[in-house]
Amino acid sequence: MSREHRNPIHVVGTGLDPTALPLAAARIVAEAEVLVGGDRLLLALPDHPAGKIPVRAPVSGAVEAADRENRAGKRVVVLADGDPGFFGIGKQFVLTLGADRVLIHPNVSILQAAAARIKTPWEDIRTVSLHGRKDIWPLRRAMARRQRVGVYTDAVFTPARIASDLQACGVEGYRMHVFEDMGTETERVRTFEDLKEAPVEGFSRLAFVILEPTHAPVCKLTASMDDDNLLHKDGLITKQEVRAVGLGLLGIEPGHVVWDLGAGSGAVALEASALAFEGMVFAVERDPVRFEIIRSNIRKTGAYAVEPVQGEMPGCLDGLPDPDRIFLGGGVRREEVLEAAMSRLLPGGRVLAHVVLLGSLEHAVGVLRRAGWAPAVTHVQVGRSRPLAEDLRLTALNPVFAVSAEKPV
């Protein structure tokens with residue numbers, strides 16, 4: 001057995017109180033020659049004789065320092081808030097040093113403690129961390145699935161900032177529980193029945209949030225919604241059956257970034273977000289009235305993983321992340337829009353354009369072929385039943401040509 005196996009790095013979860021560890025964990029900490037941890041945890045053990053390695057961003061620096069001390073033969077113990085295997089530093093040590101170099105000692109997580117405070121089970125609470133992030137996309141994705149969500153906050157994404165940003169995304173129907181300074185003399189638990197009730201300041205830097213849905217959205221978000229459940233202007237909506245064909249041709253996967261260009265009502269973007277539930281969906285629309293309709297449909301369905309973008313294409317696409325999938329519901333006759341979209345599509349990605357005019361079909365196929373792509377055309381003809389006397393007849397919808405292609409790798 002190697003020296004590293006005989007002298008592993010111990011990652012000890014401190015639960016809510018680093019001075020009240022279980023007996024076995026307390027013994028490991030007491031025998032440490034080097035302690036690694038955040039300032040708050042190290043300050044909780046001021047009389048411990050071990051050398052101290054504070055954890056700073058990036059965490060890799062502390063991991064490397066702990067590795068050096070361990071290889072020098074010292075007993076290294078890492079102190080981790082809550083449970084080191086639940087959004088904790090344990091993952092970083094295992095990934096960097098290997099599982100055979102690390103022993104993890106679990107403890108009560110902040111999620112478990114918070115759920116206990118409000119007397120609710122926690123097995124169905126999805127948890128996300130906003131530590132060090134520049135956006136709240138992980139939270140938006142979780143809320144789009146109408147889950148209870150636990151949120152690790154930081155100095156930027158405070159409970160107040162989270163409430164404000166979610167309201168800006170159109171989020172409605174959520175209760176917010178805020179847990180501050182858990183396990184200390186200044187612990188406080190507050191519940192706001194509506195995000196609008198959350199104050200704009202006055203929260204502790206040590207805060208955890210649980211968001212709980214209070215009612216279901218007006219229309220359930222699925223991959224095939226009835227057209228009548230969505231708002232639209234002048235009939236400008238990709239019909240339900242045609243959307244189903246288009247989404248099938250696109251082959252959207254959970255982590256994909258999807259662009260819906262010329263989004264109209266946003267119907268394709270909404271349904272795409274049900275498929276790209278770990279990704280990002282952008283609904284781009286120039287017309288201000290249709291843009292507001294998209295926003296209304298997001299609120300109506302709870303499709304919070306859809307980001308509406310108002311602007312003129314192709315310029316408004318500059319700030320968006322490169323897509324895996326592109327749907328063009330409008331603008332296909334504008335060659336600069338189609339070419340800009342094709343240039344941004346990731347290699348191996350797919351583009352799909354729905355067109356109804358033969359001239360638009362010819363144009364789209366020509367642009368794709370000149371770029372060296374191999375376009376395919378699917379003709380979609382839908383008939384819907386209508387009552388006639390005591391029987392049914394079929395009424396045809398306008399035929400649609402679905403032009404699809406995959407970007408060469």
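Computed over heavy atoms, backbone and side chain alike; hydrogens, waters and symmetry mates excluded. Bear in mind that the values here come from a model prediction, so they are computed numbers and not experimental data. Residues take their numbers from the sequence shown, with the count starting at 1.
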In Thr191, Val151, Ile162, the residue satisfying side-chain contact (heavy atoms from CB on, under 4.5 Å) with Met176 is Ile162

Tyr304 vs Tyr174 aromatic rings, parallel, tilted or perpendicular, using cut-offs 30° and 60°? perpendicular

Between Phe93 and Ala66, the two heavy atoms sitting closest are CE2-CB, 3.8 Å

Hey, are Thr184 and Glu187 close enough side-chain-wise for a donor-acceptor pair under 3.5 Å? no

For a side-chain contact (heavy atoms from CB on, under 4.5 Å) with His10, tell me which candidate from Val29, Val77, Val78, Val36 qualifies. Val77

Walk me through whether Arg334 and Glu312 qualify under salt bridge (charged side-chain N to carboxylate O under 4.0 Å, His left out). CA-CA 12 Å; Arg334 294 177 56 197; Glu312 186 74 38; 3.1 Å; yes

Below 6.0 angstrom between ring centroids: does that apply to His354 and Phe327? yes

Just wondering, more than 12 heavy atoms not from Lys233 lying within 6.0 Å of its NZ? yes

Distance in Å, Glu307 CD paired with Ile294 CD1, rounded so as to fall on 0.5 Å steps: 11.0 Å

Quick one: list whatever passes salt bridge (charged side-chain N to carboxylate O under 4.0 Å, His left out) with Arg243, sequence neighbours left out. Asp227, Glu271

Parallel, tilted or perpendicular: rings of Tyr152 and Phe208 (30°, 60°): perpendicular

Determine, for Phe277 and Arg141, whether the Lys NZ or Arg CZ falls below 6.0 Å from the six-membered ring centre while staying within 45 degrees of the axis. no

For Pro46, which residues count as a side-chain contact (heavy atoms from CB on, under 4.5 Å) partner, sequence neighbours excluded? none

